[in-house]
Amino acid sequence: MKFVDAHIHLSDKEYNGKVETIIEDTRKSDVIALVSNSMNYESSILSLQLAQQNPGLVYAALGIHPWNIQFLSSNELEQTLDLISKHGRCREKVIAIGEIGLDFSYGKKQITELQVKVFKEMLQAAEKQCLPVIVHCRRTVSKIMSILPSFNVEKVLFHWFSGPAELLPKIVENGYYVSEGPPSVYSSETREIIKLVPLGSLLTETDGPVRFGGPFYGKMTTPSFIPQVVKAIAETKRMKETDVAAQILRNFTDFFALNLF
Ligand SMILES: [Zn+2]
């Protein structure tokens, strides 16, 4: 079986000095592709470098995370947009815009407005570069769904989707995707979501370096967790693990327009 990690932050400081070991580990676990998501300009550059250093395994997603909106330096948005337009069409390395999105648990109205502004800029960049987007959607799925139709962006991944479940039919109908990670193994809430998402709309992720509970407690998160995520999805959907792994790999290559076969 071959596996994929559609969402990890390999450029995160927590992985400093450990990337080589993680890469080795990733290959040994039969994870054949991972998408290094970015948080800001600096990590976008790092994601690009990691993709350049590990061709055929690491792919970059560039963008500004909603959590970083209040820390942006004066021209950071422009710099990141420039980087995207410079590398955006270079399919072998930059394959998406991410991690972008909205998170209103940050409260203050000003920040909320700024998040929406930056999110729209990123969607526009995705439209221009014909790139998929990887979206952070904590408690903001309906707001995001209301913004998306104004942009010509077909490929949208709702990463770590945790509800509301009522919006799933619309997400699927629009051809968007949902990704789930290590909580699939131990969280009944996540399994409920997995039951509702057709396998053809599902991707796997780790969101490392975020740490997890259950059998992952106390462990550094790496793409080597993915085979256990696939096993959990197969159990939840009462399907064969090999069929689940194969379909998720197909979803990944379709979504990111990659040829991994
Ligand atoms: Zn993330």
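Whatever order the structure lists ligands and atoms in, that order sets their numbers, starting from 1. These figures come from a predicted structure and were not determined experimentally.
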Cut-off under 2.8 Å, centre the Zn ion (ligand 1), protein N/O/S atoms: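 H7 NE2, H9 NE2, E99 OE1, D207 OD1, with waters left out.
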
Matching residue for L131 among Q129, E127, K128 - test: side-chain contact (heavy atoms from CB on, under 4.5 Å):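 The residue from Q129, E127, K128 that satisfies side-chain contact (heavy atoms from CB on, under 4.5 Å) with L131 turns out to be Q129.
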
Show me, pair by pair, the donor-acceptor contacts under 3.5 angstrom made by side chains of residues 192-202, not counting sequence neighbours?
| from | atom 1 | to | atom 2 | distance (Å) |
| --- | --- | --- | --- | --- |
| E192 | OE2 | K195 | NZ | 3.0 |

Check: N259 main-chain N/O paired with T253 side-chain donor or acceptor under 3.5 Å: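 Pair absent, no side-chain N/O of T253 close to backbone of N259.
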
Results of side chain to side chain donor-acceptor pair (under 3.5 Å) for N40 - residues two or more places apart only: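 Listed in chain order: S43.
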
Ring centers of F225, F216 separated by less than 6.0 Å: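 Yes.
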
Residue pairs, two or more places apart or on separate chains, that pass side-chain hydrogen bond (donor to acceptor under 3.5 Å, both in side chains) and touch residues 202-212: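 Non-adjacent pairs meeting side-chain hydrogen bond (donor to acceptor under 3.5 Å, both in side chains): D5-T206, H7-D207, H9-D207, E14-R211, H159-E205, S179-E205.
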
